[in-house]
Amino acid sequence: MLYQARTKTTVQLIGFTYPKLHTGKNWYVDFYALDPASGEMRRKKFMLDGLTKVAEKRRRAAEVIEQIMRQLREGWNPWVNTQESRGFTPLQECLDRYLEYIDKKGDRYKTRMRYHSSVNILREFMATLVVQPKYVYQFDQSLIIDFLDWLLLDRDASARTRNNYRSWLYGLSEFLKKRKYITVNPVEDVEILKESAKFRKDLSKEKLATMRRHLLETDPHFLLACELEYYTFIRPNELSHLRVKDVSIKDQTIFVSGDFSKNHKDGYVGINRRICRLMIDLKVLEQPGEFYLFGKGFIPRKDRYNADQFNRRWKKMREELGWEDCYQFYSLKDSGIRDLANDAGIVVARDQARHSDVATTNKYIQVHPKDVHEVTKTYEGEL
């Protein structure tokens with residue numbers, strides 16, 4: 001039962017199954033594709049009529065399967081009515097038209113530049129996806145939710161910034177809807193976050209120890225990802241791009257390329273002996289250098305996997321440990337910066353986090369109103 005559930009999730013993530021040839025009284029090719037309207041996988045058949053010889057049928061079937069797979073990989077969906085929604089217009093082309101419209105509206109220069117920046121950030125997010133959306137019908141609620149989560153969790157945007165992007169996406173969706181590129185505004189049911197104090201909480205010493213014991217027994221490969229987040233502050237999307245060759249046990253460093261880093265600059269971060277020992281124990285550095293360090297299942301693999309696997313696995317662990325929702329994968333970064341700053345100073349924490357200034361680093365160090373420093377209870381001063 002568990003295998004079936006995982007299989008369905010994988011198929012729905014990709015959006016289609018590989019076409020198959022069926023022989024017998026009737027020869028046909030069929031496959032399943034996700035129907036965006038119902039959210040369910042639906043079967044599509046292509047009959048191989050009018051052919052009598054077996055060799056001809058097999059040759060035609062091979063041609064049909066090749067053509068179907070080519071179209072599916074390019075984003076074609078048999079259940080999308082493109083005559084009504086113009087859904088097969090390339091998404092990038094629609095974004096270009098949107099910016100042309102913005103430029104001709106006559107808004108202030110700063111306003112126009114803000115819209116251009118938002119489109120660039122959206123494009124940057126889509127470029128991180130393993131399966132990138134090609135057509136405008138793929139601009140749906142799931143894509144928008146993933147984008148907003150990426151802003152919040154990977155780029156560490158505030159709730160207010162995330163909500164501002166939601167408002168911008170609503171306007172962009174209205175632009176697409178009015179021009180019949182999409183039929184509904186996919187942002188309407190996306191929640192607005194409360195813009196209060198930081199929801200995410202850092203992890204206590206006890207919680208970090210509990211997590212380590214639990215993952216050592218159940219998922220040591222994910223423990224390695226958690227250790228890197230805690231000790232190196234490398235963002236989830238950056239973690240998903242790391243390759244085995246980026247790690248140097250000799251120098252105890254990891255190279256983060258500017259091709260995928262948030263600040264678009266090359267950088268190095270230090271790794272301690274604990275991380276090195278775990279990497280050696282897991283034999284991850286014995287894999288080919290071009291392999292991604294955290295492929296599917298957090299195991300080195302040839303193909304890169306989406307960064308959202310870190311948050312999905314964290315949620316599962318959080319449920320297993322009975323933790324509250326305020327403890328998130330990014331809480332490891334908050335906790336790591338806090339502990340490194342306390343031990344080695346804020347400047348060291350700033351450089352390890354690759355921040356431009358100490359003020360940015362300070363934002364990660366949370367203040368707990370009920371806590372006081374013990375030293376204040378014995379400090380006598382000069383008064």
Residues at least two apart in sequence or cross-chain that pass ring-ring contact (aromatic ring centres under 6.0 Å, His included) with Phe310, listed by chain then number, are Phe294, Phe298, Phe329

Sequence neighbours excluded, the answer for side chain to side chain donor-acceptor pair (under 3.5 Å) partners of Lys177 is none

Examine Lys45 relative to Tyr28 and say whether NZ or CZ is less than 6.0 Å from the centre of the six-membered ring and inside a 45° cone about the ring axis.
yes

Neighbour count >12 (heavy atoms, 6.0 Å) for atom CZ, Arg123:
yes

Got a donor-acceptor contact below 3.5 angstrom from the Gln352 side chain to the Tyr231 backbone?
yes

Exceeds 12 heavy-atom contacts within 6.0 angstrom, atom CZ of Arg70
yes

If you count the non-hydrogen atoms of other residues, nucleotides and ligands that lie under 6.0 Å from CZ in Arg97, is the total more than 12?
yes

Show me the side-chain donor-acceptor pairs of residues 168-175 shorter than 3.5 Å, one per line, residues at least two apart or across chains.
{"unit_1": "Trp168", "atom_1": "NE1", "unit_2": "Tyr98", "atom_2": "OH", "d": "3.0"}
{"unit_1": "Ser173", "atom_1": "OG", "unit_2": "Leu169", "atom_2": "O", "d": "2.8"}
{"unit_1": "Glu174", "atom_1": "OE2", "unit_2": "Asn185", "atom_2": "ND2", "d": "2.8"}

Hey, is CZ on Phe260 packed in by over 12 heavy atoms from elsewhere, all under 6.0 Å?
yes

Under 3.5 Å, is there a donor on one side chain and an acceptor on the other for Arg301 and Tyr292?
no

Non-hydrogen atoms of Gln92 and Met126 that approach each other most closely
NE2-CE, 3.8 Å

Should the pair Lys207 and Tyr327 be classed as cation-pi, given the thresholds of under 6.0 Å to the six-membered ring centre and 45° from the axis?
yes

